[in-house]
2 protein chains.
Amino acid sequence: MAQTGSRAVDEKAASAGESGEAKTRILAAAERLFAEHGYSGVSLRSIMAEAEVNTASIHYYFRHKEGLLRAIFEMRVTPMNEERQERLAALERDRSEGAPEVGAVLRAFIEPAIRRTRAKGGQAFNRISALCSVDPDPAVRQVVFDSYDTVSRRFTALLRKACPHLDDEEFYWRQHCIYGSMMYMRTDNGRVAYLLGDRGAGHSEVALQQLLVFLTAGMAAPGANTAGVAGA
Amino acid sequence: MAQTGSRAVDEKAASAGESGEAKTRILAAAERLFAEHGYSGVSLRSIMAEAEVNTASIHYYFRHKEGLLRAIFEMRVTPMNEERQERLAALERDRSEGAPEVGAVLRAFIEPAIRRTRAKGGQAFNRISALCSVDPDPAVRQVVFDSYDTVSRRFTALLRKACPHLDDEEFYWRQHCIYGSMMYMRTDNGRVAYLLGDRGAGHSEVALQQLLVFLTAGMAAPGANTAGVAGA
DNA sequence: GAAAAAATCAATCACTTGATTGAATCAGTC
DNA sequence: GACTGATTCAATCAAGTGATTGATTTTTTC
(Lines give C-alpha, C1' and ligand atoms only; values in the text may rest on other atoms or scores of the structure.)
Protein backbone atom coordinates (compact mmCIF):
# COMPACT_ATOMS: atom_id res chain seq x y z
CA MET A 1 0.00 0.00 0.00
CA ALA A 2 2.92 2.34 0.56
CA GLN A 3 4.75 2.02 -2.73
CA THR A 4 1.69 2.49 -4.87
CA GLY A 5 1.73 6.25 -4.65
CA SER A 6 4.84 6.79 -6.72
CA ARG A 7 3.32 6.13 -10.13
CA ALA A 8 4.50 8.85 -12.43
CA VAL A 9 1.97 10.92 -14.34
CA ASP A 10 4.10 12.57 -16.97
CA GLU A 11 7.37 14.46 -17.12
CA LYS A 12 6.27 16.47 -14.15
CA ALA A 13 5.93 13.41 -12.01
CA ALA A 14 9.12 11.90 -13.32
CA SER A 15 11.09 14.88 -12.05
CA ALA A 16 9.26 15.00 -8.74
CA GLY A 17 11.02 13.45 -5.80
CA GLU A 18 10.24 10.16 -4.11
CA SER A 19 6.47 10.22 -3.89
CA GLY A 20 5.81 13.54 -5.62
CA GLU A 21 3.69 16.44 -4.50
CA ALA A 22 0.15 15.86 -3.39
CA LYS A 23 -1.46 17.20 -6.54
CA THR A 24 0.64 14.93 -8.72
CA ARG A 25 -0.02 11.95 -6.53
CA ILE A 26 -3.75 12.58 -6.74
CA LEU A 27 -3.62 12.73 -10.52
CA ALA A 28 -1.64 9.52 -10.71
CA ALA A 29 -3.90 7.65 -8.33
CA ALA A 30 -7.05 8.92 -10.02
CA GLU A 31 -5.76 7.96 -13.43
CA ARG A 32 -4.95 4.46 -12.34
CA LEU A 33 -8.26 3.94 -10.56
CA PHE A 34 -10.42 5.53 -13.27
CA ALA A 35 -8.78 3.26 -15.81
CA GLU A 36 -9.51 0.21 -13.74
CA HIS A 37 -13.05 0.89 -12.52
CA GLY A 38 -14.35 3.71 -14.69
CA TYR A 39 -15.23 7.22 -13.61
CA SER A 40 -18.38 6.48 -11.67
CA GLY A 41 -16.88 3.33 -10.20
CA VAL A 42 -14.27 5.24 -8.23
CA SER A 43 -14.96 7.23 -5.10
CA LEU A 44 -12.94 10.24 -4.08
CA ARG A 45 -12.16 8.40 -0.87
CA SER A 46 -10.47 5.56 -2.69
CA ILE A 47 -8.41 8.03 -4.67
CA MET A 48 -7.35 9.84 -1.52
CA ALA A 49 -6.45 6.58 0.11
CA GLU A 50 -4.22 5.50 -2.75
CA ALA A 51 -2.67 8.95 -3.09
CA GLU A 52 -2.25 9.15 0.66
CA VAL A 53 -3.72 12.62 0.95
CA ASN A 54 -6.40 14.16 3.07
CA THR A 55 -10.09 14.21 2.33
CA ALA A 56 -10.24 17.84 1.34
CA SER A 57 -7.20 17.84 -0.92
CA ILE A 58 -9.04 16.86 -4.03
CA HIS A 59 -11.55 19.63 -3.61
CA TYR A 60 -8.75 22.03 -2.83
CA TYR A 61 -6.90 21.31 -6.06
CA PHE A 62 -9.67 20.34 -8.45
CA ARG A 63 -12.90 21.56 -6.86
CA HIS A 64 -15.04 18.66 -8.07
CA LYS A 65 -14.64 15.06 -9.01
CA GLU A 66 -15.40 16.26 -12.51
CA GLY A 67 -12.62 18.82 -12.23
CA LEU A 68 -10.22 16.02 -11.48
CA LEU A 69 -11.31 14.11 -14.55
CA ARG A 70 -10.99 17.24 -16.63
CA ALA A 71 -7.48 17.83 -15.34
CA ILE A 72 -6.47 14.34 -16.35
CA PHE A 73 -7.87 14.85 -19.82
CA GLU A 74 -6.17 18.21 -20.28
CA MET A 75 -2.85 16.82 -19.12
CA ARG A 76 -2.98 13.95 -21.60
CA VAL A 77 -4.92 15.34 -24.51
CA THR A 78 -3.24 18.69 -24.95
CA PRO A 79 0.08 17.38 -26.29
CA MET A 80 -1.69 14.74 -28.34
CA ASN A 81 -3.95 17.30 -29.96
CA GLU A 82 -0.94 19.42 -30.88
CA GLU A 83 0.63 16.50 -32.64
CA ARG A 84 -2.58 15.68 -34.42
CA GLN A 85 -3.00 19.26 -35.55
CA GLU A 86 0.52 19.38 -36.95
CA ARG A 87 0.13 16.18 -38.87
CA LEU A 88 -3.27 17.08 -40.25
CA ALA A 89 -1.94 20.48 -41.24
CA ALA A 90 0.95 18.81 -43.03
CA LEU A 91 -1.47 16.66 -44.98
CA GLU A 92 -3.56 19.66 -45.93
CA ARG A 93 -0.44 21.41 -47.15
CA ASP A 94 0.96 18.50 -49.09
CA ARG A 95 -2.03 17.70 -51.15
CA SER A 96 -1.13 20.03 -54.01
CA GLU A 97 -3.00 17.82 -56.42
CA GLY A 98 -6.25 16.03 -55.67
CA ALA A 99 -7.44 14.35 -52.50
CA PRO A 100 -5.25 13.10 -49.64
CA GLU A 101 -4.88 9.38 -49.17
CA VAL A 102 -7.28 7.66 -46.78
CA GLY A 103 -4.53 5.73 -45.04
CA ALA A 104 -2.44 8.83 -44.47
CA VAL A 105 -5.34 10.74 -42.92
CA LEU A 106 -6.21 7.85 -40.67
CA ARG A 107 -2.63 7.46 -39.59
CA ALA A 108 -2.27 11.15 -38.80
CA PHE A 109 -5.25 10.89 -36.48
CA ILE A 110 -4.75 7.51 -34.91
CA GLU A 111 -1.02 7.25 -34.49
CA PRO A 112 -0.68 10.08 -31.95
CA ALA A 113 -3.28 8.33 -29.80
CA ILE A 114 -2.00 4.78 -30.01
CA ARG A 115 1.63 5.80 -29.70
CA ARG A 116 1.06 7.31 -26.29
CA THR A 117 0.18 3.92 -24.99
CA ARG A 118 3.89 3.48 -24.56
CA ALA A 119 4.30 6.44 -22.23
CA LYS A 120 4.06 5.82 -18.52
CA GLY A 121 0.40 5.91 -17.59
CA GLY A 122 -0.52 6.28 -21.23
CA GLN A 123 -2.21 2.93 -21.33
CA ALA A 124 -4.31 3.88 -18.35
CA PHE A 125 -5.45 7.06 -19.99
CA ASN A 126 -6.23 5.26 -23.20
CA ARG A 127 -8.69 3.19 -21.31
CA ILE A 128 -10.14 6.16 -19.47
CA SER A 129 -10.67 7.94 -22.73
CA ALA A 130 -12.39 4.94 -24.25
CA LEU A 131 -14.64 4.34 -21.26
CA CYS A 132 -15.60 7.99 -20.99
CA SER A 133 -16.38 8.12 -24.70
CA VAL A 134 -19.44 5.98 -24.11
CA ASP A 135 -20.26 7.12 -20.60
CA PRO A 136 -23.91 8.16 -20.30
CA ASP A 137 -23.17 10.83 -17.70
CA PRO A 138 -23.59 14.25 -19.33
CA ALA A 139 -20.75 15.74 -17.30
CA VAL A 140 -18.37 13.07 -18.56
CA ARG A 141 -19.58 13.50 -22.10
CA GLN A 142 -18.87 17.19 -21.87
CA VAL A 143 -15.29 16.60 -20.81
CA VAL A 144 -14.76 14.23 -23.73
CA PHE A 145 -16.41 16.62 -26.13
CA ASP A 146 -14.34 19.57 -25.02
CA SER A 147 -11.19 17.52 -25.33
CA TYR A 148 -11.64 16.08 -28.78
CA ASP A 149 -14.21 18.06 -30.74
CA THR A 150 -12.01 20.66 -32.44
CA VAL A 151 -9.41 18.29 -33.78
CA SER A 152 -12.02 15.69 -34.52
CA ARG A 153 -13.81 18.09 -36.83
CA ARG A 154 -10.66 18.84 -38.72
CA PHE A 155 -9.96 15.13 -39.07
CA THR A 156 -13.46 14.51 -40.35
CA ALA A 157 -13.20 17.26 -42.93
CA LEU A 158 -9.93 15.93 -44.27
CA LEU A 159 -11.05 12.34 -44.28
CA ARG A 160 -14.16 13.40 -46.14
CA LYS A 161 -12.02 14.81 -48.94
CA ALA A 162 -10.12 11.54 -49.08
CA CYS A 163 -13.36 9.68 -49.71
CA PRO A 164 -14.97 11.23 -52.77
CA HIS A 165 -16.30 7.81 -53.72
CA LEU A 166 -18.78 7.88 -50.83
CA ASP A 167 -21.89 9.92 -50.39
CA ASP A 168 -22.44 11.74 -47.11
CA GLU A 169 -24.51 9.04 -45.51
CA GLU A 170 -22.07 6.27 -46.33
CA PHE A 171 -19.19 8.35 -45.14
CA TYR A 172 -20.62 9.05 -41.74
CA TRP A 173 -21.65 5.47 -41.13
CA ARG A 174 -18.18 4.30 -41.89
CA GLN A 175 -16.67 6.96 -39.72
CA HIS A 176 -18.61 5.53 -36.81
CA CYS A 177 -16.95 2.23 -37.48
CA ILE A 178 -13.63 4.01 -37.19
CA TYR A 179 -14.49 5.52 -33.85
CA GLY A 180 -15.89 2.23 -32.62
CA SER A 181 -12.79 0.30 -33.58
CA MET A 182 -10.50 2.85 -32.01
CA MET A 183 -12.50 2.97 -28.85
CA TYR A 184 -12.77 -0.76 -28.44
CA MET A 185 -9.07 -1.18 -28.96
CA ARG A 186 -8.27 1.49 -26.42
CA THR A 187 -10.70 -0.05 -23.94
CA ASP A 188 -8.43 -3.03 -23.60
CA ASN A 189 -10.14 -5.43 -21.24
CA GLY A 190 -7.07 -7.57 -21.12
CA ARG A 191 -7.87 -8.96 -24.55
CA VAL A 192 -5.17 -6.89 -26.20
CA ALA A 193 -2.60 -7.78 -23.60
CA TYR A 194 -3.48 -11.42 -24.12
CA LEU A 195 -3.02 -11.17 -27.86
CA LEU A 196 0.39 -9.66 -27.54
CA GLY A 197 1.73 -12.30 -25.23
CA ASP A 198 5.03 -11.28 -23.75
CA ARG A 199 6.02 -8.53 -26.17
CA GLY A 200 4.06 -5.81 -24.47
CA ALA A 201 6.48 -3.15 -25.62
CA GLY A 202 5.67 -3.55 -29.30
CA HIS A 203 2.02 -3.29 -28.41
CA SER A 204 1.28 0.10 -29.85
CA GLU A 205 3.08 -0.58 -33.13
CA VAL A 206 1.25 -3.79 -33.86
CA ALA A 207 -2.08 -2.39 -32.79
CA LEU A 208 -1.63 0.68 -34.94
CA GLN A 209 -0.67 -1.29 -38.01
CA GLN A 210 -3.50 -3.78 -37.77
CA LEU A 211 -6.02 -1.07 -37.05
CA LEU A 212 -4.90 0.98 -40.02
CA VAL A 213 -5.08 -1.92 -42.46
CA PHE A 214 -8.60 -2.74 -41.41
CA LEU A 215 -9.94 0.80 -41.35
CA THR A 216 -8.28 1.83 -44.59
CA ALA A 217 -9.78 -1.12 -46.40
CA GLY A 218 -13.17 -0.39 -44.93
CA MET A 219 -13.12 3.25 -45.95
CA ALA A 220 -11.73 2.50 -49.39
CA ALA A 221 -14.48 0.00 -50.20
CA PRO A 222 -16.66 1.19 -53.06
CA GLY A 223 -19.83 3.10 -52.25
CA ALA A 224 -23.23 2.62 -53.81
CA ASN A 225 -22.58 5.34 -56.38
CA THR A 226 -18.98 4.41 -57.04
CA ALA A 227 -18.66 3.78 -60.76
CA GLY A 228 -15.16 2.55 -61.40
CA VAL A 229 -12.25 1.57 -59.19
CA ALA A 230 -11.80 2.89 -55.66
CA GLY A 231 -8.77 4.99 -54.74
CA ALA A 232 -5.28 3.52 -54.13
CA MET B 1 -45.40 10.42 -14.47
CA ALA B 2 -48.50 8.23 -14.61
CA GLN B 3 -48.49 7.08 -18.23
CA THR B 4 -44.86 6.07 -18.27
CA GLY B 5 -45.46 2.66 -16.77
CA SER B 6 -47.09 1.10 -19.79
CA ARG B 7 -44.00 0.63 -21.92
CA ALA B 8 -44.14 -2.86 -23.33
CA VAL B 9 -41.27 -5.27 -22.87
CA ASP B 10 -41.98 -7.96 -25.43
CA GLU B 11 -44.90 -10.14 -26.40
CA LYS B 12 -45.60 -10.75 -22.76
CA ALA B 13 -46.04 -7.08 -22.07
CA ALA B 14 -48.02 -6.55 -25.23
CA SER B 15 -50.62 -9.01 -24.06
CA ALA B 16 -50.71 -7.66 -20.54
CA GLY B 17 -53.55 -5.35 -19.71
CA GLU B 18 -53.44 -1.61 -19.20
CA SER B 19 -50.30 -1.18 -17.14
CA GLY B 20 -49.16 -4.81 -16.91
CA GLU B 21 -48.15 -6.83 -13.90
CA ALA B 22 -45.58 -5.52 -11.50
CA LYS B 23 -42.78 -7.75 -12.68
CA THR B 24 -43.28 -6.73 -16.28
CA ARG B 25 -43.49 -3.07 -15.38
CA ILE B 26 -40.24 -3.33 -13.46
CA LEU B 27 -38.49 -4.91 -16.43
CA ALA B 28 -39.80 -2.25 -18.78
CA ALA B 29 -38.82 0.62 -16.52
CA ALA B 30 -35.40 -0.84 -15.82
CA GLU B 31 -34.73 -1.38 -19.49
CA ARG B 32 -35.58 2.16 -20.38
CA LEU B 33 -33.55 3.67 -17.55
CA PHE B 34 -30.53 1.42 -17.98
CA ALA B 35 -30.45 2.35 -21.65
CA GLU B 36 -30.51 6.02 -20.82
CA HIS B 37 -28.14 6.22 -17.87
CA GLY B 38 -26.24 2.96 -17.85
CA TYR B 39 -26.38 0.24 -15.24
CA SER B 40 -24.54 2.00 -12.44
CA GLY B 41 -26.23 5.28 -13.23
CA VAL B 42 -29.65 4.00 -12.26
CA SER B 43 -30.82 3.44 -8.71
CA LEU B 44 -33.39 0.85 -7.77
CA ARG B 45 -35.45 3.66 -6.36
CA SER B 46 -35.73 5.41 -9.70
CA ILE B 47 -36.77 2.15 -11.31
CA MET B 48 -39.41 1.57 -8.68
CA ALA B 49 -40.69 5.08 -9.09
CA GLU B 50 -41.08 4.73 -12.83
CA ALA B 51 -42.60 1.28 -12.54
CA GLU B 52 -44.83 2.48 -9.72
CA VAL B 53 -44.06 -0.45 -7.48
CA ASN B 54 -42.93 -0.73 -3.91
CA THR B 55 -39.39 -0.66 -2.68
CA ALA B 56 -39.14 -4.35 -1.95
CA SER B 57 -40.66 -5.58 -5.19
CA ILE B 58 -37.43 -5.65 -7.13
CA HIS B 59 -35.73 -7.75 -4.49
CA TYR B 60 -38.75 -9.96 -4.34
CA TYR B 61 -38.73 -10.75 -8.04
CA PHE B 62 -35.06 -10.45 -8.94
CA ARG B 63 -33.17 -10.63 -5.65
CA HIS B 64 -30.42 -8.19 -6.66
CA LYS B 65 -29.95 -5.28 -8.95
CA GLU B 66 -27.69 -7.62 -10.88
CA GLY B 67 -30.50 -10.18 -11.05
CA LEU B 68 -32.66 -7.58 -12.70
CA LEU B 69 -30.01 -6.87 -15.30
CA ARG B 70 -29.58 -10.57 -15.91
CA ALA B 71 -33.31 -11.00 -16.39
CA ILE B 72 -33.32 -8.28 -19.02
CA PHE B 73 -30.45 -9.92 -20.84
CA GLU B 74 -32.04 -13.34 -20.76
CA MET B 75 -35.32 -11.99 -22.02
CA ARG B 76 -33.69 -10.28 -24.98
CA VAL B 77 -30.72 -12.42 -25.80
CA THR B 78 -32.29 -15.86 -25.72
CA PRO B 79 -34.34 -15.51 -28.90
CA MET B 80 -31.54 -13.65 -30.64
CA ASN B 81 -29.05 -16.39 -29.83
CA GLU B 82 -31.41 -18.99 -31.23
CA GLU B 83 -31.61 -17.13 -34.49
CA ARG B 84 -27.86 -16.71 -34.61
CA GLN B 85 -27.30 -20.38 -33.95
CA GLU B 86 -29.67 -21.37 -36.73
CA ARG B 87 -28.04 -19.10 -39.25
CA LEU B 88 -24.52 -20.09 -38.32
CA ALA B 89 -25.52 -23.73 -38.48
CA ALA B 90 -26.97 -23.18 -41.94
CA LEU B 91 -23.69 -21.67 -43.09
CA GLU B 92 -21.73 -24.58 -41.66
CA ARG B 93 -24.00 -26.97 -43.52
CA ASP B 94 -23.96 -25.15 -46.82
CA ARG B 95 -20.24 -24.90 -47.28
CA SER B 96 -19.85 -28.20 -49.07
CA GLU B 97 -16.81 -26.88 -50.87
CA GLY B 98 -14.18 -24.59 -49.33
CA ALA B 99 -14.57 -21.73 -46.88
CA PRO B 100 -17.74 -19.75 -46.19
CA GLU B 101 -17.92 -16.18 -47.39
CA VAL B 102 -16.87 -13.45 -44.99
CA GLY B 103 -19.89 -11.32 -45.70
CA ALA B 104 -22.28 -14.18 -45.13
CA VAL B 105 -20.76 -15.05 -41.76
CA LEU B 106 -20.83 -11.45 -40.65
CA ARG B 107 -24.42 -11.07 -41.72
CA ALA B 108 -25.48 -14.20 -39.88
CA PHE B 109 -24.03 -12.80 -36.69
CA ILE B 110 -24.90 -9.13 -36.98
CA GLU B 111 -28.30 -9.13 -38.59
CA PRO B 112 -30.13 -10.83 -35.71
CA ALA B 113 -28.78 -8.13 -33.40
CA ILE B 114 -29.41 -5.07 -35.51
CA ARG B 115 -32.80 -6.29 -36.68
CA ARG B 116 -34.14 -6.35 -33.17
CA THR B 117 -33.69 -2.63 -33.00
CA ARG B 118 -37.06 -2.45 -34.66
CA ALA B 119 -38.87 -4.35 -31.94
CA LYS B 120 -40.44 -2.37 -29.15
CA GLY B 121 -37.73 -1.73 -26.58
CA GLY B 122 -35.17 -3.33 -28.85
CA GLN B 123 -33.33 -0.10 -29.34
CA ALA B 124 -33.10 0.37 -25.60
CA PHE B 125 -31.64 -3.06 -25.11
CA ASN B 126 -29.19 -2.54 -27.93
CA ARG B 127 -27.79 0.35 -26.02
CA ILE B 128 -27.76 -1.54 -22.74
CA SER B 129 -25.86 -4.36 -24.37
CA ALA B 130 -23.30 -1.98 -25.83
CA LEU B 131 -22.79 -0.06 -22.61
CA CYS B 132 -22.47 -3.23 -20.55
CA SER B 133 -19.97 -4.66 -23.00
CA VAL B 134 -17.42 -2.13 -21.83
CA ASP B 135 -18.57 -1.78 -18.24
CA PRO B 136 -15.67 -2.24 -15.82
CA ASP B 137 -17.88 -3.80 -13.15
CA PRO B 138 -17.06 -7.52 -12.92
CA ALA B 139 -20.68 -8.42 -12.17
CA VAL B 140 -21.83 -6.69 -15.33
CA ARG B 141 -19.06 -8.29 -17.36
CA GLN B 142 -20.17 -11.68 -16.14
CA VAL B 143 -23.72 -11.11 -17.31
CA VAL B 144 -22.49 -10.08 -20.73
CA PHE B 145 -20.13 -13.00 -20.92
CA ASP B 146 -22.77 -15.53 -19.96
CA SER B 147 -25.13 -14.09 -22.53
CA TYR B 148 -22.86 -14.01 -25.54
CA ASP B 149 -19.90 -16.31 -25.08
CA THR B 150 -21.22 -19.56 -26.52
CA VAL B 151 -22.55 -18.15 -29.76
CA SER B 152 -19.67 -15.77 -30.02
CA ARG B 153 -17.22 -18.66 -30.04
CA ARG B 154 -19.09 -20.37 -32.80
CA PHE B 155 -19.12 -17.17 -34.82
CA THR B 156 -15.42 -16.71 -34.32
CA ALA B 157 -14.65 -20.24 -35.44
CA LEU B 158 -16.66 -19.86 -38.60
CA LEU B 159 -15.32 -16.43 -39.41
CA ARG B 160 -11.85 -17.78 -38.94
CA LYS B 161 -12.44 -20.35 -41.66
CA ALA B 162 -13.66 -17.59 -43.92
CA CYS B 163 -10.36 -15.77 -43.52
CA PRO B 164 -7.61 -18.19 -44.55
CA HIS B 165 -5.64 -15.25 -45.93
CA LEU B 166 -4.96 -13.98 -42.40
CA ASP B 167 -2.68 -15.37 -39.74
CA ASP B 168 -4.03 -15.75 -36.22
CA GLU B 169 -2.77 -12.44 -34.95
CA GLU B 170 -4.16 -10.46 -37.84
CA PHE B 171 -7.46 -12.23 -37.56
CA TYR B 172 -7.98 -11.48 -33.91
CA TRP B 173 -7.01 -7.84 -34.26
CA ARG B 174 -9.51 -7.40 -37.03
CA GLN B 175 -12.16 -9.19 -35.08
CA HIS B 176 -11.77 -6.60 -32.38
CA CYS B 177 -12.53 -3.97 -34.95
CA ILE B 178 -15.74 -5.83 -35.71
CA TYR B 179 -16.81 -5.89 -32.10
CA GLY B 180 -15.86 -2.26 -31.68
CA SER B 181 -17.85 -1.15 -34.67
CA MET B 182 -20.87 -3.15 -33.61
CA MET B 183 -20.70 -1.87 -30.11
CA TYR B 184 -20.29 1.74 -31.05
CA MET B 185 -23.20 1.55 -33.45
CA ARG B 186 -25.43 -0.02 -30.83
CA THR B 187 -24.38 2.56 -28.28
CA ASP B 188 -26.20 5.21 -30.24
CA ASN B 189 -25.66 8.47 -28.46
CA GLY B 190 -28.16 10.18 -30.69
CA ARG B 191 -25.60 10.24 -33.50
CA VAL B 192 -27.32 7.44 -35.35
CA ALA B 193 -30.74 8.95 -34.91
CA TYR B 194 -29.35 12.21 -36.27
CA LEU B 195 -27.91 10.51 -39.32
CA LEU B 196 -31.16 8.87 -40.16
CA GLY B 197 -33.17 12.03 -40.02
CA ASP B 198 -36.88 11.36 -40.12
CA ARG B 199 -36.84 7.81 -41.49
CA GLY B 200 -36.30 6.16 -38.15
CA ALA B 201 -38.06 3.01 -39.28
CA GLY B 202 -35.45 2.10 -41.89
CA HIS B 203 -32.79 2.55 -39.26
CA SER B 204 -31.81 -1.04 -38.79
CA GLU B 205 -31.68 -1.84 -42.49
CA VAL B 206 -29.39 1.03 -43.36
CA ALA B 207 -27.18 0.48 -40.35
CA LEU B 208 -26.84 -3.19 -41.10
CA GLN B 209 -25.97 -2.63 -44.73
CA GLN B 210 -23.37 0.05 -44.09
CA LEU B 211 -21.84 -1.91 -41.27
CA LEU B 212 -21.55 -5.04 -43.37
CA VAL B 213 -19.90 -3.25 -46.28
CA PHE B 214 -17.29 -1.74 -44.02
CA LEU B 215 -16.52 -4.83 -41.99
CA THR B 216 -16.46 -7.18 -44.95
CA ALA B 217 -13.96 -4.98 -46.75
CA GLY B 218 -11.84 -4.74 -43.64
CA MET B 219 -11.75 -8.48 -43.11
CA ALA B 220 -11.18 -9.22 -46.78
CA ALA B 221 -8.15 -6.95 -46.99
CA PRO B 222 -4.96 -8.88 -47.69
CA GLY B 223 -2.84 -10.00 -44.79
CA ALA B 224 0.91 -9.80 -44.50
CA ASN B 225 1.34 -13.33 -45.80
CA THR B 226 -1.32 -13.11 -48.46
CA ALA B 227 0.29 -13.98 -51.78
CA GLY B 228 -2.30 -13.44 -54.47
CA VAL B 229 -5.76 -11.96 -54.54
CA ALA B 230 -8.02 -11.96 -51.51
CA GLY B 231 -11.33 -13.77 -51.66
CA ALA B 232 -14.30 -12.01 -53.24
C1' DG C 1 11.50 36.99 11.91
C1' DA C 2 6.88 38.63 11.10
C1' DA C 3 3.10 38.62 7.71
C1' DA C 4 0.83 36.32 3.98
C1' DA C 5 -0.18 32.66 1.20
C1' DA C 6 -0.46 27.80 0.27
C1' DA C 7 -1.34 23.43 1.84
C1' DT C 8 -2.99 19.89 5.06
C1' DC C 9 -5.81 18.15 8.55
C1' DA C 10 -9.83 16.01 11.37
C1' DA C 11 -14.61 16.18 11.67
C1' DT C 12 -18.86 16.21 9.78
C1' DC C 13 -22.99 17.45 6.78
C1' DA C 14 -26.77 16.14 3.88
C1' DC C 15 -27.86 12.77 0.86
C1' DT C 16 -28.18 8.39 -1.82
C1' DT C 17 -27.24 3.70 -2.28
C1' DG C 18 -28.71 -1.53 -2.18
C1' DA C 19 -30.81 -4.36 0.90
C1' DT C 20 -33.89 -6.21 4.67
C1' DT C 21 -37.54 -6.72 7.85
C1' DG C 22 -42.11 -7.97 9.44
C1' DA C 23 -46.68 -6.83 9.06
C1' DA C 24 -50.65 -6.28 5.90
C1' DT C 25 -53.23 -7.52 1.79
C1' DC C 26 -54.59 -10.33 -2.02
C1' DA C 27 -55.75 -14.60 -4.62
C1' DG C 28 -56.85 -19.19 -5.07
C1' DT C 29 -58.19 -23.85 -2.98
C1' DC C 30 -60.33 -27.20 -0.31
C1' DG D 1 -65.26 -19.40 5.40
C1' DA D 2 -60.78 -20.71 6.90
C1' DC D 3 -56.26 -21.89 5.21
C1' DT D 4 -52.22 -20.94 2.35
C1' DG D 5 -49.01 -19.15 -0.67
C1' DA D 6 -48.04 -15.16 -3.45
C1' DT D 7 -47.65 -10.32 -3.34
C1' DT D 8 -47.42 -5.60 -1.68
C1' DC D 9 -46.53 -2.31 1.72
C1' DA D 10 -44.19 1.25 5.00
C1' DA D 11 -40.22 1.73 7.63
C1' DT D 12 -35.66 1.32 8.28
C1' DC D 13 -30.57 -0.34 8.26
C1' DA D 14 -25.76 0.10 7.51
C1' DA D 15 -22.65 1.72 4.35
C1' DG D 16 -20.93 4.83 1.15
C1' DT D 17 -21.27 9.21 -1.63
C1' DG D 18 -19.44 14.16 -2.84
C1' DA D 19 -18.82 18.16 -0.54
C1' DT D 20 -17.76 21.64 3.18
C1' DT D 21 -16.10 23.73 7.22
C1' DG D 22 -12.76 25.96 10.20
C1' DA D 23 -8.68 25.25 12.52
C1' DT D 24 -3.85 24.01 12.00
C1' DT D 25 0.48 23.51 9.84
C1' DT D 26 3.85 24.44 6.32
C1' DT D 27 5.93 27.30 2.92
C1' DT D 28 6.86 31.55 0.71
C1' DT D 29 7.68 36.54 0.63
C1' DC D 30 9.20 40.85 2.12
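Everything numeric in this text was worked out from a predicted model, so none of it was measured. Residue numbering restarts at 1 for every chain, and letters A, B, ... go by the order of the sequence lines.
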For B/E52 and D/dC9, what is the distance between atoms CD and C1' respectively, to the nearest whole Å?
15 Å

Check for me whether B/R84 meets the cation-pi criterion with B/F109, that is, NZ or CZ under 6.0 Å from the six-membered ring centre and within 45 degrees of the ring axis.
yes

Has B/H59 got a side-chain N or O lying under 4.0 Å from the OP1 or OP2 atom of C/dA19?
yes

The residue, A/T55 or B/T55, whose nearest nucleotide of DNA chain C is more 5′ is A/T55

In Å, rounded to the nearest 0.5 Å, how long is the span from CG of B/L69 to CD of B/E74?
10.0 Å

Roughly, in whole Å, what's the span from CE in A/M48 to C1' in C/dT8?
13 Å

Check every atom of C/dT20, C/dG18, D/dT20 against the side chain of B/K65 and return the nucleotide holding the closest atom.
C/dG18

Candidate nucleotides C/dG18, D/dA19, C/dT8, ranked by approach to the side chain of B/S43 - the nearest:
C/dG18

Atom-pair distance (CG on A/L68; P on D/dA19), nearest Å:
10 Å

Step through it carefully: locate the ring centre of A/F34, locate the ring centre of A/F125, and say whether they are under 6.0 Å apart.
no

Using distance alone, with no hydrogens and no angle criterion, decide if A/R127 and A/T187 have a side-chain donor and acceptor under 3.5 Å apart.
no

Parallel, tilted or perpendicular for B/Y148 and B/F73, by the 30°/60° rule?
perpendicular

Side-chain donor/acceptor of A/R45 to base of D/dG16, under 3.5 Å:
no

How many Å lie between CZ on B/F62 and P on C/dT20, as a whole number?
16 Å

Grab the CG-C1' distance between A/N54 and C/dA6 for me, whole Å please.
15 Å

In whole angstrom, give the distance that lies between atom CD of B/E66 and atom P of C/dT17.
19 Å

Look at the side chain of A/L44 and decide which nucleotide, out of C/dG18, D/dA10, D/dG18, has an atom nearest to it.
D/dG18

Would you indicate what B/Y61 reaches in the nucleic acid, counting non-hydrogen atoms under 4.0 angstrom: base, sugar-phosphate, or nothing?
sugar-phosphate

Rounding to a whole Å, what distance do you find between B/Y60:OH and D/dA6:P?
6 Å

How long is the line joining CD1 of B/I58 and P of C/dT17, in whole Å?
12 Å

